[in-house]
Amino acid sequence: MTTNHERASFGAALRDAAESFSVPRVEDLHELAVRRGRQIRRRKAAGRGVSAAVAIVAMGALTASLLGSGTPNRQSAVSPTPTPTGAHKSVPPIRPGLGRYMAEHLLALLPPGARLDTGTGLSALNGSGYSIMGSNGIWAAFAQAFVMYGGQRYQIVVQVNRQWLSRTCATLPPMDGPCTSKPLGRGTLVSTAGTLGPSTTQWSDYWNLADGASVELDVRPADSAATRNLYTEKQIESFVTAPAWTSVLDGLPQVVHCGDLEPQNGENSVQGWLCVPTGKMYPDQLADVYTTKD
Amino acid sequence: MDPEDFPAFVASRGAHLYRTACLLTGGDTHLAEDLVQETLGRMYTKWGRRRRIDNPSGYAQTTMVNAFISIRRRRSASERPTEGVGDVPDGGADADVDLRLTLIDALRELTELDCAVLVLRFWEDRSVEETATALKLTSSAVRSRSSRALARVRERLGADFVEFAES
């Protein structure tokens with residue numbers, strides 16, 4: 001039998017235990033939430049698009065059949081991605097399949113011995129094409145993988161983006177680990193590390209180019225026992241400068257300078273970013289998300 | 001907080017959600033981050049329609065608990081050992097840390113529904129009826145699960161169960 005005193009004590013004990021955990025930075029929580037939210041929106045949009053395309057093809061086939069041609073009306077199978085009215089023409093055309101491209105090349109650049117951690121109920125590998133990250137107008141494509149390596153679980157995130165300013169040891173949020181900077185190829189490699197939560201360290205490497213474009217590699221161990229990055233210094237240099245990211249970098253849209261970008265609701269047929277002061281719409285990559293499992 | 005502002009919502013509720021996730025996952029901070037990401041990601045997709053949500057904080061908590069139950073049920077019990085998964089909470093005297101670790105271990109050993117019941121009832125201060133609604137259980141099921149789970153925690157903590165909050 002549990003007494004009221006025991007219940008009160010247990011409540012206090014739970015609060016004591018919960019409040020003893022160090023909380024990740026709010027900025028990190030927000031960024032992860034936005035990434036995940038956009039994945040969900042794109043997946044819904046992709047599902048609607050596929051359904052619409054199937055319906056249109058079926059309708060075309062039915063129409064053709066009724067007309068006696070016997071050939072499906074291919075013209076009816078229009079792109080499942082709606083084009084917003086008044087789309088901003090200066091945004092480069094989105095590369096189809098970029099989400100998958102990002103994911104597959106991240107997979108190809110895993111260190112020897114690392115394997116995807118599948119069967120957890122969460123996606124082990126996913127990627128996303130260009131989209132605007134946050135309200136500061138930065139376009140980015142990213143991929144992430146959950147892997148097992150040396151008996152430890154790691155999360156690896158690669159993000160190709162264009163910042164307002166290059167990330168340097170001076171502009172990065174202060175972390176309690178070292179921050180180093182050195183020339184690498186046609187850019188500069190900035191490497192930093194720090195504690196995120198109880199005994200959890202993140203290693204972040206930024207390969208900055210002159211125009212603010214960068215390749216970012218983040219590695220987090222899932223287990224507190226992991227105390228070293230699964231990539232060696234040489235592997236990090238090869239990773240961030242890999243030719244796979246070059247074409248992504250070259251195609252990055254410019255930063256959108258708009259003081260009040262507002263996302264359109266994912267339930268609408270049009271999805272993207274509206275720059276309120278100018279009224280211009282920046283279409284997002286509705287269907288360009290790749291995931292192995294969810 | 002500006003109710004129109006999703007970043008402000010994350011800033012005001014993110015820490016609490018993360019701590020809830022730490023309790024649900026028995027101290028697996030990586031899974032806790034995944035849960036927070038999933039929960040806030042789902043909130044983000046609904047943010048344009050948030051006026052239809054009377055209580056965004058409560059909605060987020062319910063979303064998190066249901067995501068946790070879903071993930072735990074999809075995991076095979078043999079896929080990952082439960083021993084030593086939890087991270088060590090910060091700070092405090094050694095005795096306090098030992099007690100916290102024992103409590104976290106005890107939570108991890110509960111079924112996902114029993115753990116969710118305890119977290120909602122005693123961390124979130126939800127009533128039996130509110131907990132039942134969130135978990136799609138009857139009120140009597142919540143009471144019986146709560147009593148059973150508390151008994152299991154009491155077995156694990158022993159004499160420390162009552163003294164925990166006073167230490």
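Chain letters run A, B, ... following the sequence lines, proteins first and then strands; every chain starts at 1. Basis for what follows: all heavy atoms, side chains included, without hydrogens, waters or symmetry-related copies.
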(request) Can you label the angle between the B:His30 ring and the A:Phe146 ring as parallel, tilted or perpendicular, going by 30° and 60°? (result)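 The rings of B:His30 and A:Phe146 stand perpendicular, inter-plane angle above 60°.
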Between [X] and [Y], what is the shortest heavy-atom contact and its length?
{"X": "A:Ala33", "Y": "B:Tyr44", "result": "O-CB, 4.3 Å"}
{"X": "A:Asp16", "Y": "B:Arg100", "result": "OD2-NE, 3.0 Å"}
{"X": "B:Leu107", "Y": "A:Leu14", "result": "CD1-CD2, 3.8 Å"}
{"X": "B:Leu23", "Y": "A:Ala17", "result": "CD2-CB, 4.3 Å"}
{"X": "A:Phe21", "Y": "B:Gly27", "result": "CZ-CA, 3.8 Å"}

Straight-line distance of [X] [atom1] to [Y] [atom2], nearest 0.5 Å:
{"X": "A:Arg220", "Y": "B:Glu33", "atom1": "CZ", "atom2": "CD", "answer": "5.0 Å"}
{"X": "A:Ser20", "Y": "B:Leu103", "atom1": "OG", "atom2": "CG", "answer": "9.5 Å"}
{"X": "A:Arg15", "Y": "B:Asp125", "atom1": "CZ", "atom2": "CG", "answer": "6.0 Å"}

(message) One pair to check against side-chain contact (heavy atoms from CB on, under 4.5 Å): A:Leu29 and B:Val36. What are the steps and the verdict?
(response) CA-CA 8 Å; A:Leu29 292 179; B:Val36 173; 3.8 Å; yes
(request) Among the options B:Leu118, B:Leu17, B:Thr20, pick out the one with the most heavy-atom pairs lying under 4.5 Å from chain A. (result)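 If we count pairs closer than 4.5 Å to chain A, B:Leu118 comes out on top.
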(message) Would you say that B:Leu40 contacts A:Arg36 through its side chain, given a criterion of any heavy-atom pair below 4.5 Å between the two side chains?
(response)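 Side chain of B:Leu40 against side chain of A:Arg36, heavy atoms only: no contact under 4.5 Å found.
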(message) Taking side chain as everything from C-beta outward and backbone as N, CA, C, O, which of these in A:Glu19 sits under 4.5 Å from a heavy atom of chain B? Side chain, backbone, both or neither.
(response)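 Both the backbone and the side chain of A:Glu19 come within 4.5 Å of chain B.
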